[in-house]
Peer 1: 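I'd like to ask some things about the structure below.
Hydrogens, waters and symmetry mates are skipped; everything else that's a heavy atom, side chains included, is used. Just so you know, residue 1 is the first one in the sequence shown, and it goes up from there.
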Amino acid sequence: MSGIAVVIPTLDEEAGIGAAVDRLRDVDTIVVDGGSRDATVARAKAAGATVLTETGGRGAQLNAGAKAARASTLLFLHADTRLPAGWQPKVEAALDRPGPVVGAFSLAIEDAGMRLSLVALGANVRSRLLGRPYGDQALFMRRSTFAALGGFRALPIMEDLDFVRRAARIGHVVTLPDRVVTSARRWRRHGAAKSVVINQAMLVGEALGMPHERLAAFYRRAR
């Protein structure tokens with residue numbers, strides 16, 4: 001196996017999934033749908049993606065996509081996130097260096113004003129200094145690393161952070177300076193300030209040992 005496969009978990013992403021897949025025309029692209037009630041599946045297939053269905057949560061979606069992928073390198077991409085130009089050789093170069101086992105890109109938020117620019121800045125400081133990128137920064141790794149870590153755990157929330165923390169125990173987690181661009185929709189839907197407060201509360205709750213099921217329930221109520 002060689003090359004890079006891109007795995008995109010979806011749930012009701014009909015508005016943007018066609019364009020997301022189309023931007024990856026020359027890449028093995030696997031869309032794993034979580035039970036969409038809209039035209040996500042049809043539009044992903046029409047754009048040329050391999051489409052699977054997995055309703056066991058996002059961690060299970062990501063694992064299903066990785067299992068179906070034929071490439072030696074895996075990249076996990078949110079449906080509303082765009083990769084930077086020339087991303088493929090940058091991924092390969094990062095993983096060819098000694099030390100890194102998992103990588104991600106820096107974050108930019110589409111059409112960001114002052115508040116969302118600060119959100120992106122905070123995310124980039126966190127990921128570069130602490131080695132803690134999140135899933136919206138397009139996590140990538142060799143298939144062998146994914147297998148060694150046992151994939152994503154079946155958590156109801158924060159499965160990306162859990163994966164990155166486990167990866168940091170076996171090697172370096174690197175954040176590239178090149179930026180992915182993600183949609184501002186989730187921050188605008190709930191407000192940038194409120195979203196930041198909720199996210200920080202989630203981290204505090206996890207640090208205090210709250211079960212992920214309770215954290216997920218809090219997250220749903222808060223948003």
Peer 1: Before giving the answer on side-chain contact (heavy atoms from CB on, under 4.5 Å), spell out for Leu139 and Phe105 the whole-Å C-alpha distance, their side-chain angles and the decisive distance to 0.1 Å.
Peer 2: CA-CA 8 Å; Leu139 300 177; Phe105 291 92; over 6 Å; no
Peer 1: Do Thr40 and Val51 come close enough that some side-chain heavy atom pair is under 4.5 Å?
Peer 2: no
Peer 1: Please answer: with hydrophobic residues joined when any side-chain heavy atoms are less than 4.5 Å apart, are Met210 and Leu203 in the same cluster?
Peer 2: yes
Peer 1: Does Arg188 CZ have over 12 foreign heavy atoms under 6.0 Å away?
Peer 2: yes
Peer 1: Got Trp187 and Val119 here, is their nearest side-chain heavy-atom distance under 4.5 Å?
Peer 2: yes
Peer 1: Can Glu110 and Arg185 be counted as an ion pair, charged N to O under 4.0 angstrom?
Peer 2: no
Peer 1: Is the side chain of Asn199 donor-acceptor paired with the backbone N or O of Ser195 at a distance under 3.5 Å, no angle test?
Peer 2: yes
Peer 1: Identify, with sequence neighbours excluded, every residue that meets ring pair (Phe, Tyr, Trp, His ring centres under 6.0 Å) alongside Phe76.
Peer 2: Phe146, Phe152
Peer 1: Taking Ser106 for the side chain and Leu176 for the main chain, is one N or O donor matched with an acceptor at less than 3.5 Å?
Peer 2: yes
Peer 1: Hey, is Arg165 close enough to Glu159 for a salt bridge, meaning N to O under 4.0 Å?
Peer 2: no
Peer 1: May I ask you to say whether Arg142 pairs ionically with Glu92, meaning some side-chain N is under 4.0 Å from a carboxylate O?
Peer 2: yes
Peer 1: So how far is it from Asp12 CG to Asp38 CG, rounded to the nearest 0.5 Å?
Peer 2: 4.5 Å
Peer 1: Heavy-atom count check: over 12 atoms from other residues, nucleotides or ligands less than 6.0 Å from Lys194 NZ?
Peer 2: yes
Peer 1: With a 4.5 Å cut-off on side-chain heavy-atom distances among I, L, V, M, F, W and Y, is there a chain of contacts connecting Val6 to Met141?
Peer 2: no
Peer 1: Take atom CZ of Arg166 as the centre, draw a 6.0 Å sphere, and report whether it contains more than 12 heavy atoms from other residues, nucleotides or ligands.
Peer 2: yes
Peer 1: Could you give the distance from CE (Met202) to CG (Leu215), rounded to the nearest 0.5 Å?
Peer 2: 4.5 Å
Peer 1: Do we see a donor-acceptor contact under 3.5 Å between the side chains of Asp33 and Thr10?
Peer 2: yes
Peer 1: For Val180 and Pro84, work out which heavy atoms get closest and say how close.
Peer 2: CG1-CD, 3.9 Å
Peer 1: Is it the case that atom NZ in Lys45 sees more than 12 heavy atoms from other parts of the structure closer than 6.0 Å?
Peer 2: no
Peer 1: Would you check if there is a donor-acceptor pair between the side chains of Arg132 and Ser127 at a distance under 3.5 Å?
Peer 2: no
